[in-house]
Amino acid sequence: MTKIVKKSLSDSLLTAGRKRHLKKLSRLPDNETDTSDIPELTERFWQNAVRNPFYRPVKQQLTLRLDADVIAWLRRQGRGYQTRANALLRDAMLEDLSPKRRKEGGWPRPNNPRHNGIAPRRRAS
């Protein structure tokens, strides 16, 4: 069995001299900070960049009134209907925020019953 130890910066002992030095550095404006030892990030660096795999958005609990047939459709697909509803809303949000979509004039009116823009997601069996 392994023991997980969590350390933070506040756990290290700072001498009075180090504290003075850090306070002095914190007062410097950004344009006076020497960054000559830090290499520039190029496009090549960002080509393989991925979002932090441990990132989880903060959830907010709320009450939302949805049509009964929409809830029934989500529940018919099995457990996790709230997560699927969140994923559908996130897809719609990201689609709406994409630059291409903004140029086209945005989403159709929500009252349009013929709009099939959101495809259902199926759970892997």
Side-chain angles (χ1 to χ4, degrees):
M1 180 178 237
T2 61
K3 182 178 179 182
I4 298 174
V5 178
K6 182 178 178 182
K7 286 191 171 189
S8 67
L9 189 59
S10 63
D11 293 340
S12 65
L13 298 174
L14 292 176
T15 64
R18 285 184 178 174
K19 285 182 183 180
R20 280 193 307 273
H21 182 68
L22 289 173
K23 190 171 260 189
K24 180 181 170 186
L25 286 175
S26 69
R27 283 192 232 120
L28 276 178
D30 288 342
N31 61 354
E32 291 184 23
T33 304
D34 179 22
T35 59
S36 61
D37 60 336
I38 302 172
E40 287 290 323
L41 297 181
T42 62
E43 285 298 319
R44 185 170 179 227
F45 173 83
W46 295 107
Q47 283 176 349
N48 296 323
V50 293
R51 180 185 288 236
N52 181 347
F54 303 106
Y55 169 76
R56 293 185 68 186
V58 176
K59 304 285 185 184
Q60 181 177 356
Q61 185 173 351
L62 64 108
T63 301
L64 180 67
R65 292 185 177 272
L66 300 173
D67 295 336
D69 58 337
V70 172
I71 297 295
W73 172 74
L74 286 166
R75 284 183 171 167
R76 269 197 316 265
Q77 297 175 38
R79 292 183 59 198
Y81 75 95
Q82 291 176 334
T83 302
R84 273 191 305 284
N86 187 68
L88 290 169
L89 288 169
R90 177 169 294 283
D91 287 347
M93 177 190 72
L94 293 175
E95 178 74 19
D96 187 52
L97 293 175
S98 73
K100 178 184 172 192
R101 187 59 139 164
R102 263 187 255 140
K103 289 178 185 173
E104 293 175 1
W107 282 89
R109 298 205 108 1
N111 297 358
N112 184 353
R114 296 182 183 174
H115 176 58
N116 293 333
I118 300 177
R121 289 193 173 185
R122 299 285 181 200
R123 281 183 6 136
S125 299

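These figures come from a predicted structure and were not determined experimentally.
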Self-check item: Polar side-chain atom of R84 near backbone of G78 as donor-acceptor pair, under 3.5 Å
Solution: yes

Quiz prompt | From I71 atom CD1 to Q82 atom CD, the distance as rounded to the nearest 0.5 Å | solution = 8.0 Å

Self-check item: Closest contact, heavy atoms only, N86 versus K59
Solution: ND2-NZ, 3.6 Å

Practice problem: Would you check if the side chain of R75 reaches a backbone N or O of Y81 as a donor-acceptor pair within less than 3.5 Å? | Solution: no

Quiz item: Which distance, rounded to the nearest 0.5 Å, do you find between the NE2 of H21 and the OG1 of T15?
Solution: 10.5 Å

Quiz item: Could you give the distance from CD (E40) to OG1 (T35), rounded to the nearest 0.5 Å?
Solution: 7.5 Å

Exercise. State, with a plain yes or no, whether a side-chain heavy atom of L25 is found less than 4.5 Å away from one of T33.
Key: no

Practice problem: Any chance you could measure M93, atom CE, to S98, atom OG, to the nearest 0.5 Å? | Solution: 11.5 Å

Quiz item: Would you say N52's side chain and F54's backbone share a donor-acceptor pair under 3.5 angstrom?
Solution: yes

Self-check item: Hphob cluster co-occupancy, V50 + W46, side-chain heavy atoms under 4.5 angstrom
Solution: no

Quiz item: At what distance, to the nearest 0.5 angstrom, does OG1 of T83 lie from CZ of R90?
Solution: 12.0 Å

